[in-house]
Amino acid sequence: MGKEKRKAAEEAEDAGGDQREERRFKKEKLNQASVIKNKEKRSAIHAKIKHEKRVEKQKKTKARDAAIKRAIELGEEIPEKKVPKTIENTREADETVCRPDDEELFAGNDADEFSSVLKQNIVPKILITTCRFNSTRGPAFIQELLSVIPNAHYYKRGTYELKKIVEYATKKDFTSIIVVHTNRREPDALLMIGLPDGPTAHFRLSNLVLRKDIKNHGNPTGHKPELVLNNFTTRIGHRVGRMIQSLFPQDPHFRGRRVVTFHNQRDFIFFRHHRYIFDVREKKEDPKDKKAIKVSKDKTKPKVLARLQECGPRFTLKLVSLQHGTFDPKGGEFEWVHKPDMDTSRRRFFL
């Protein structure tokens, strides 16, 4: 047994050595091609190497498919599919990641500031306003926010302080306030304030694309949208997700086929607004399949295809801070604040 193990280990080492040698040879070929001064010859060599890589990749794919097919026929275990390493699946371990069996988390959900809205005891009512110095694109962005969030109302800021606006909104039974901040005629931040007890979240806003700038955009209807929240996995992310969820009614109108998505990836929250459409088309038969052609002549079977149409707007949010209670920049207690020295690794995420 010991000899067999040593032999297998030697064979594996030889195979690994061959692969390393092959990679080194290809790298040398590329380096040699880059030295060639003639552009046509250099591009021809690059194209040849690229073609060889493509052929080799196709061979590996065919071999893998054949191995899976053989395993299914023989009733053996299917070989595991290799998952490529990404920044997301190699993120640093975080103790605050929520688990399905975390009883403390579910108990906290029943007693937090958003529970009354999410349990449908209160209908969400949103007040949207601006900073004191408004811009040209600010009103257009707010107009589109009003079409996205049901039961949202716009009030001009004027010269009122934000604390006065919070007091007014609380008396008028608003559940949240959204303040659109602009800089150099461009919206650059969002402030979300939960009422009456907070919390207050400050987001940096970037990559704003309005509806009119989206090609083949759709116009949203007045139906309540479905809400999709992705990858809010940590305690802070779960709290931010519930805060966003409290902006929307919990009884969507499915007939409207509207979907609002907040997708968290690497602590950037991507916002998208779509409408899904069902198209009924005739099924195209394969011309080589004679039996299918005969059946299709007698009876055509319609095929239902689903597609998405973006309604806009489109933007990206990045959490800057999360504060206990309503807006209080001087005496407020912060739950979480992003600082530059926290970014110690590309694989460290907080949401």
Side-chain angles (χ1 to χ4, degrees), residues 83-100 102 104-105 108-109 112-114 130-133 135 138 141 161-163 166 176-195 197-209 229-247 261-272 313-351:
V83 179
K85 287 185 179 180
T86 61
I87 291 177
E88 284 82 8
N89 61 24
T90 57
R91 65 181 292 177
E92 288 185 3
D94 193 346
E95 295 177 354
T96 63
V97 171
C98 303
R99 296 179 181 176
D102 193 343
E104 185 184 346
L105 179 69
N109 288 346
D112 68 359
E113 302 93 330
F114 319 113
T130 62
C131 61
R132 286 183 177 175
F133 304 101
S135 68
F141 176 51
E161 292 183 0
L162 199 52
K163 286 188 177 181
V166 170
S176 296
I177 297 175
I178 297 176
V179 182
V180 179
H181 185 270
T182 55
N183 184 25
R184 296 181 181 179
R185 299 182 180 180
E186 188 71 22
D188 69 333
L190 280 185
L191 194 69
M192 290 186 191
I193 305 171
L195 298 177
D197 303 318
T200 302
H202 178 209
F203 296 95
R204 191 172 72 241
L205 188 145
S206 58
N207 302 330
L208 173 63
V209 181
L229 298 169
N230 285 334
N231 295 338
F232 292 91
T233 53
T234 63
R235 287 293 183 100
I236 294 294
H238 182 73
R239 192 153 167 75
V240 171
R242 282 178 67 82
M243 187 176 191
I244 293 169
Q245 190 180 357
S246 68
L247 299 175
T261 306
F262 289 87
H263 175 77
N264 173 42
Q265 187 171 357
R266 304 182 191 179
D267 287 349
F268 288 93
I269 302 170
F270 297 93
F271 173 87
R272 296 293 183 271
R314 183 193 301 170
F315 57 86
T316 306
L317 298 174
K318 172 88 173 181
L319 184 66
V320 177
S321 66
L322 188 65
Q323 181 183 353
H324 277 297
T326 55
F327 180 73
D328 188 4
K330 293 182 179 178
E333 180 186 349
F334 287 87
E335 295 182 44
W336 186 86
V337 180
H338 181 263
K339 296 177 182 176
D341 57 355
M342 293 166 70
D343 299 327
T344 55
S345 170
R346 289 178 66 207
R347 289 175 169 78
R348 189 182 183 195
F349 308 122
F350 302 100
L351 299 184

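- Within the 4.5 Å cutoff, the side chain of Thr130 has no heavy atoms near those of the Thr182 side chain.
- For Gln245, the side chain to side chain donor-acceptor pair (under 3.5 Å) partners two or more places apart in sequence, or in a different chain, are Gln250.
- By the side-chain contact (heavy atoms from CB on, under 4.5 Å) test, Arg266 is found to be paired with Ile87, Glu88, Phe349, residues two or more places apart in sequence or in another chain being considered.
- Interatomic distance, Glu92 CD to Arg348 CZ, rounded to the nearest 0.5 Å: 6.5 Å.
- In terms of heavy-atom proximity, Gly332 sits nearest to Gln323 at CA-NE2, 3.2 Å.
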If you look only at distance, which donor and acceptor atoms sit under 3.5 Å apart when one is on a side chain in residues 313-320 and the other is two or more places apart or in another chain?
from	atom 1	to	atom 2	distance (Å)
Arg314	NE	Glu310	OE2	3.0
Arg314	NH2	Glu310	OE1	2.9

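- The side chain to side chain donor-acceptor pair (under 3.5 Å) test applied to Asn207 returns no partner, not counting sequence neighbours.
- For the atom pair OG of Ser246 and CG of Leu195, the computed distance is 10.0 Å after rounding to the nearest 0.5 Å.
- Considering all non-hydrogen atoms of both residues, Leu229 and Ile244 come closest at CD2-CG2, 4.1 Å.
- The side-chain contact (heavy atoms from CB on, under 4.5 Å) check on Glu104 picks up Asp102, Arg235, with sequence neighbours excluded.
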Checking His338 against Asp343 for the side chain to side chain contact (heavy atoms under 4.5 Å, CB included) test, could you report, in this order, the C-alpha distance in whole Å, the side-chain angles of both residues, the deciding distance, and whether it holds? CA-CA 9 Å; His338 181 263; Asp343 299 327; 3.1 Å; yes
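- For Asp112, the side-chain contact (heavy atoms from CB on, under 4.5 Å) partners two or more places apart in sequence, or in a different chain, are Asn109, Phe114, Ser115, Arg239, Arg242.
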Show your working on side chain to side chain contact (heavy atoms under 4.5 Å, CB included) between Asp94 and Thr233 and close with a plain yes or no. CA-CA 10 Å; Asp94 193 346; Thr233 53; over 6 Å; no
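- How far CZ of Phe334 is from CG of Leu322: 9.5 Å, rounded to the nearest 0.5 Å.
- Closest approach of Gly194 to Ser176, counting heavy atoms only: CA-OG, 4.4 Å.
- Here the shortest heavy-atom pairing between Val180 and Pro187 reads CG1-CB, 4.1 Å.
- Here the OG1-CG distance, from Thr96 to Leu351, works out to 9.5 Å after rounding to the nearest 0.5 Å.
- Taking the side-chain contact (heavy atoms from CB on, under 4.5 Å) definition, one finds that Glu333 meets it with His324, sequence neighbours left out.
- Residues satisfying the side chain to side chain donor-acceptor pair (under 3.5 Å) criterion with Asn89, sequence neighbours excluded, are Thr86.
- Listed by chain and residue number, Trp336 satisfy the ring-ring contact (aromatic ring centres under 6.0 Å, His included) test with Phe350 (two or more places apart in sequence, or in another chain).
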Check: residues 197-205 side-chain donor-acceptor pairs under 3.5 Å, at least two apart:
from	atom 1	to	atom 2	distance (Å)
Thr200	OG1	Gly325	O	3.0
Thr200	OG1	Phe327	N	3.3

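- Atom-to-atom distance recorded for Glu186:CD and Leu208:CG is 6.0 Å, nearest 0.5 angstrom.
- Remark: Thr261 pairs with no residue by the side chain to side chain donor-acceptor pair (under 3.5 Å) rule, at least two apart or across chains.
- Scored by the salt bridge (charged side-chain N to carboxylate O under 4.0 Å, His left out) test, Asp328 finds Lys163 as partners (sequence neighbours excluded).
- Contact record, Asp188 with Asn183: OD2-CB, 3.3 Å, taken as the closest heavy-atom pair.
- Between atom CG of residue Asp267 and atom CD1 of residue Ile236 there is a gap of 11.0 Å, rounded to the nearest 0.5 Å.
- In terms of modelled atom types and a separation under 3.5 Å, the side chain of Asn264 and the main chain of Asn231 share a donor-acceptor contact.
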